[in-house]
Amino acid sequence: SLIELEISYADLSSINVSDLPSRLEKLSLIRCEIPLKWFEIENSQQFKKFDLSNLTYLNLSDSSRVCKSHLEDLNRIC
């Protein structure tokens, strides 16, 4: 299974965070446009399927729109 993923120069509004492989250990979103609430899991059914507890590395270098709510949502799913 995929444990490391790097996405560069992308607008992430067309995918959901729950579309990412759930067993990721390293995630890099380099120069990406990250929509507000992108890391938020909307319902409990989706939350049960999605797990980022293995994530040990997150790189958001030069990504736009990273804010406090992203960090709060990440804290809930990691």
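All heavy atoms count here, side chains included; hydrogens, waters and symmetry mates do not. One-based numbering along the sequence shown. Because the structure is predicted, anything quoted here is derived from the model rather than measured.
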Engineer: Going by atom types only, do Asn16 and Ser18 share a side-chain donor-acceptor pair under 3.5 Å?
Structural biologist: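 Looking only at side-chain atoms, Ser18 and Asn16 do not form any donor-acceptor pair under 3.5 Å.
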Engineer: Hey, what do you get for CD1 (Ile30) to CG (Leu60), rounding to the nearest 0.5 Å?
Structural biologist: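 That separation rounds to 8.0 Å.
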Engineer: Rounded to the nearest 0.5 Å, what separation is found between the CG atom of Leu20 and the CD1 atom of Ile7?
Structural biologist: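 Reported value, rounded in 0.5 Å steps: 6.0 Å.
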Engineer: If I compare all heavy atoms of Ser13 with all of Pro35, which pair ends up nearest, and what's the gap?
Structural biologist: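 Closest approach of Ser13 to Pro35, heavy atoms only: CA-CG, 3.5 Å.
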Engineer: Could you give the distance from SG (Cys32) to CG (Asn59), rounded to the nearest 0.5 Å?
Structural biologist: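 One finds 10.0 Å between SG of Cys32 and CG of Asn59.
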Engineer: Taking the side chain as C-beta and beyond, is there a heavy-atom pair between Leu5 and Pro21 under 4.5 Å?
Structural biologist: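 A side-chain contact exists here, since the closest heavy-atom pair is under 4.5 Å.
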Engineer: Strictly by salt bridge (charged side-chain N to carboxylate O under 4.0 Å, His left out), give each pair with a member in residues 20-35 just once, sequence neighbours left out.
Structural biologist: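 Listed by first then second residue: Arg23-Asp51, Arg31-Asp62, Glu33-Arg65.
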Engineer: Do Leu2 and Leu58 land in one hydrophobic cluster if side-chain heavy atoms of ILVMFWY residues count as linked below 4.5 Å?
Structural biologist: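 Linked within one cluster.
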Engineer: Is a donor on one side and an acceptor on the other found under 3.5 Å between the side chain of Trp38 and the backbone of Leu12?
Structural biologist: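 Indeed, once roles are kept as given, a pair shorter than 3.5 Å links the two residues.
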Engineer: Taking side chain as C-beta onward, heavy atoms only, is Ile34 less than 4.5 Å from Leu29?
Structural biologist: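 In short, these two side chains touch, coming nearer than 4.5 Å.
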Engineer: Does the side chain of Tyr57 reach to within under 4.5 Å of the side chain of Ser28, using non-hydrogen atoms?
Structural biologist: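 A side-chain contact under 4.5 Å exists here.
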Engineer: Should Val17 and Ile3 be counted in the same cluster of Ile, Leu, Val, Met, Phe, Trp and Tyr side chains packed under 4.5 Å apart?
Structural biologist: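 Hydrophobic grouping puts Val17 apart from Ile3.
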